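To start, the structure itself, in C-alpha cells.
Every value quoted in this text rests on a predicted model; they were computed, and no experiment measured them.
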Amino acid sequence: MAATSGIGVSPELTKAFSDAVETKNVRFIKVTIQDESLVSVASLPVAGSLNEDLVQLQEYLEDKEPCYILARLDDPPSEWLAISYVPDFANVRDKTLYASTRSSLTKSLGSTIFVDSLFATDKADLTPDAYEAHKRHQTAPKPLSTREQEMANIKAAEREAGNSYEGSNARKNHIGQGVGLSWSSEAENAVKGLVSRNDSRIVVLKIEPSTESLELDYFADVTVDNLSSSIPSNEPSYVFYAWTNSYSQTGGDVVFIYSCPTASPVRYRMLYSSAAMSTYLAVKGFLMETGSTFPLAAKRIETSDPAELDEAFLKAGLSHDEPGSAIVNHNGTRQDDPAKPSFAKPKGPARRR
C-alpha cells in the first residue's frame, strides 16, 4: 500500500498480542508509536462485557495523545476490534503519522483476526453508548438515492409479477456499466468528515476487487504543498481533498482527484475508470445530505502522475485562474497564454485575362 509510514511492530508487541490471543484474558492493549516502532504501553484484563470494560478504558486515553487500542470482542472472543484514537487536539504531525501507520499495525499482527475497526477523535467516541451506535450503523441497510430506490421498487414489482427476464443484460458486468460500488463504513465516515473542515484534509479511497467495495486507504490533514506525496504513486486511487484556499468564494473546495499512474495494472485501470463517475456522484450526495462547508468542485481532476499536483495545477484545473491569463501544461508548469491571431480570409485565385 502507498502512503504508509514504514513504521513496524516491535517484537514485544507481537509477543504481547500473541499471548493475549492465546490466553483470552486480556480485553485491551494500548499501542503507541515510540522511536519509530509500534509498542505496547498498557493492557487491561477482561473484567466484564466489552461495554462494561469500555468504561475502564477512559482513564487510559489522553486528550492530546493519539494511540491504537486493540480490543477483544465478546462473541466470539477470538475476534478483535482495531480502534484508532486520534484526538482533534493532537498535533498535525501525530495525526498524519498515526493515520498512515494504522494498516501496518493490523497487517503485521494478522488482518484476519480484526473483524471490525473504529475511528475515534474524542473520548466520548469510546463509551458503551457510542460503541452500540457504531454497531447499529454497521448492520443498518445502506441508504439509497432516489434513483436507486426507484430501480429497487421496479425490480420488486417484477419479482412479484413473476417477470424476471433480463435478456442480454444478464451477461453484462455491472462495474463496466458504471454502477456504484458498495462503501465500507470507514470510507463513508471519512468522506462525511470533510463537511466541516476549516483546514485541508485528504481522504484516499481504494477499490477492493474481491468485494467490489470502496475501502478507506488513508486520511490526514495535508497542506497543498504535501498533496502530491500523499497520493499512491504505483496504483490507482480516488482522492477527495478538502482544500482551504482564497480563490473559492466559499473559502475552499472539496476536490475529486482520480489518480491512475501509468505503471498501474491494466485490470485495475479499467476498474477504477468505470467506477469514477458513480463514486463522484455518491460523494456529492453525502456532502449535500450533511451540509458541507465547502462545495464539491464541479470540475474533476485526473492525473497519471501524482507528482504534478500542486497549487498551480489545482487552480487551473478548477478554473480559479482568470480566463486567458495562464495555461497549465500536462506536467503542471504554467506559461503565458499567447494571444490568438485573428483569422485572415485567404485571397482568391487571380482572374484570367
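A distance of 6.5 Å separates NZ of Lys30 from CG of Leu61, quoted to the nearest 0.5 Å. Here the NE2 atom belonging to His320 is positioned 10.0 Å from the NZ atom belonging to Lys299, to the nearest 0.5 angstrom. A distance of 7.0 Å separates OG of Ser103 from CG of Asp217, quoted to the nearest 0.5 Å. The structure places CD of Glu212 at 7.5 Å from CG of Leu271, a figure rounded to the nearest 0.5 Å. Note: Leu57 CG to Leu50 CG = 9.5 Å, rounded to the nearest 0.5 Å. Note that CG of Asn234 is 11.0 Å distant from OG1 of Thr262, once rounded to the nearest 0.5 Å.
Residue Val86 is not grouped with residue Ile69 when hydrophobic side chains (ILVMFWY) are merged at heavy-atom distances under 4.5 angstrom, including chains of intermediate members. The hydrophobic cluster containing Tyr247 also contains Leu227, counting ILVMFWY residues as joined when their side-chain heavy atoms lie under 4.5 angstrom apart, directly or transitively. Hydrophobic clustering, with ILVMFWY side chains joined whenever heavy atoms are under 4.5 angstrom apart, keeps Val41 apart from Trp80. By the criterion of side-chain heavy atoms lying less than 4.5 angstrom apart, applied directly or through intervening Ile, Leu, Val, Met, Phe, Trp or Tyr residues, Leu73 is not grouped with Leu70; the two fall into different hydrophobic clusters. At a threshold of 4.5 Å between side-chain heavy atoms, the hydrophobic network of Ile, Leu, Val, Met, Phe, Trp and Tyr places Leu13 and Leu81 in two separate groups.
In plain terms, the two heavy atoms of Pro128 and Val55 that are nearest each other are CG-CG2, 3.9 Å. Heavy-atom minimum distance, Leu181 versus Ala275: CD1-CB, 3.9 Å. In terms of heavy-atom proximity, Ser84 sits nearest to Arg102 at OG-CD, 3.2 Å. Nearest heavy atoms, Arg269 versus Cys260: CG-SG, 3.4 Å. The heavy-atom pair separating Ala130 from Ala124 by the smallest distance is CB-O, 3.4 Å. Nearest heavy-atom pair, Asp94 versus Pro66, reported as atom, atom and distance to 0.1 Å: CB-CG, 3.8 Å.
At distances below 3.5 Å, at least one donor-acceptor pair connects side-chain atoms of Gln58 with backbone N or O atoms of Lys123. With Lys95 contributing its side chain and Asp88 its backbone, the two residues share a donor-acceptor pair below 3.5 Å. Of the possible polar contacts, one joining the Tyr241 side chain to the Val224 backbone as a donor-acceptor pair under 3.5 Å is found. A distance-only check finds a donor-acceptor pair linking the side chain of Asp310 to the backbone of Phe313 [under 3.5 Å]. Arg72 places a side-chain N or O within 3.5 Å of a backbone atom of Val26 that can act as its donor or acceptor partner. Remark: side-chain polar atoms of Asp125 are paired, donor with acceptor, to backbone N or O of Asp122 under 3.5 angstrom. The main-chain N or O of Phe28 is never found under 3.5 Å from a side-chain atom of Ser43 such that the two would form a donor-acceptor pair. Between the side chain of Asp253 and the main chain of Val255, no donor-acceptor pair closer than 3.5 Å is present. Within the 3.5 Å criterion, the main-chain N or O of Ser37 finds no donor-acceptor partner in the side chain of Asp35. Side-chain N or O atoms of Ser108 include none that pairs as donor or acceptor with a backbone N or O of Leu105 at under 3.5 Å.
Proximity of Lys206 to Tyr218: side-chain heavy atoms (C-beta onward) are nowhere separated by under 4.5 Å. Side chains of Tyr98 and Thr32 form a contact here, defined as non-hydrogen atoms less than 4.5 Å apart. Proximity of Asn25 to Val46: side-chain heavy atoms (C-beta onward) are nowhere separated by under 4.5 Å. Residues Glu188 and Leu205 fail the side-chain proximity criterion, which asks for heavy atoms closer than 4.5 Å. By the 4.5 Å heavy-atom criterion applied to side chains, Leu126 and Leu118 are counted as neighbours. Between Thr101 and Ile33 there is a side-chain heavy-atom pair separated by less than 4.5 Å. Using a 4.5 Å heavy-atom cutoff, the side chains of Glu215 and Ser184 are in contact. When side chains are defined from C-beta on, Ile7 counts as touching Leu97, because their heavy atoms get closer than 4.5 Å.
A donor-acceptor pair shorter than 3.5 Å cannot be found between the side chains of Glu235 and Ser237. Judged purely by distance below 3.5 Å, without hydrogens or angles, the side chains of Ser49 and Asn51 never pair a donor atom with an acceptor atom. No side-chain donor-acceptor contact under 3.5 Å links Asn226 and Ser229.
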Inset, instruction - Just do the side-chain contact (heavy atoms from CB on, under 4.5 Å) check on Leu296 and Tyr280 with the steps written out, would you? - result: CA-CA 9 Å; Leu296 180 61; Tyr280 171 84; 3.5 Å; yes
Inset, instruction - Could you give me the CA-CA distance, side-chain angles and deciding distance for Val239 and Val204, then say whether side-chain contact (heavy atoms from CB on, under 4.5 Å) is met? - result: CA-CA 5 Å; Val239 178; Val204 180; 4.3 Å; yes
Inset, instruction - Begin from the C-alpha positions of Glu186 and Asp116 and carry the test side-chain contact (heavy atoms from CB on, under 4.5 Å) through to its verdict. - result: CA-CA 10 Å; Glu186 292 83 5; Asp116 193 9; 4.2 Å; yes
Legend entry - side-chain contact (heavy atoms from CB on, under 4.5 Å) between Phe286 and Phe240, intermediate numbers included: CA-CA 12 Å; Phe286 291 156; Phe240 290 91; over 6 Å; no
Inset, instruction - Verify side chain to side chain donor-acceptor pair (under 3.5 Å) between Thr223 and Asp225, making sure each step is shown before the conclusion. - result: CA-CA 5 Å; Thr223 64; Asp225 293 334; 4.9 Å; no
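Note on ring orientation: taking the six-membered ring where Trp is involved, the planes of Tyr238 and Phe256 are tilted (angle from 30° to 60°). Between Phe119 and Phe219, the ring planes are perpendicular. Angles over 60° get that label, and only those under 30° would be called parallel. Ring pair Tyr272/Tyr268 is perpendicular by interplanar angle, where above 60° counts as perpendicular and below 30° as parallel. Ring geometry, Phe17 versus Phe114: the interplanar angle falls under 30°, so the pair is classed parallel (tilted spans 30 to 60°).
The number of heavy-atom neighbours closer than 6.0 Å to NZ of Lys135, taken from other residues, nucleotides and ligands shown, is above 12. Other residues, nucleotides and ligands place more than 12 heavy atoms under 6.0 Å from the NZ atom of Lys192.
Between Asp74 and Arg27, at least one side-chain N (NZ, or NE/NH1/NH2) sits under 4.0 Å from a carboxylate O, which counts as a salt bridge.
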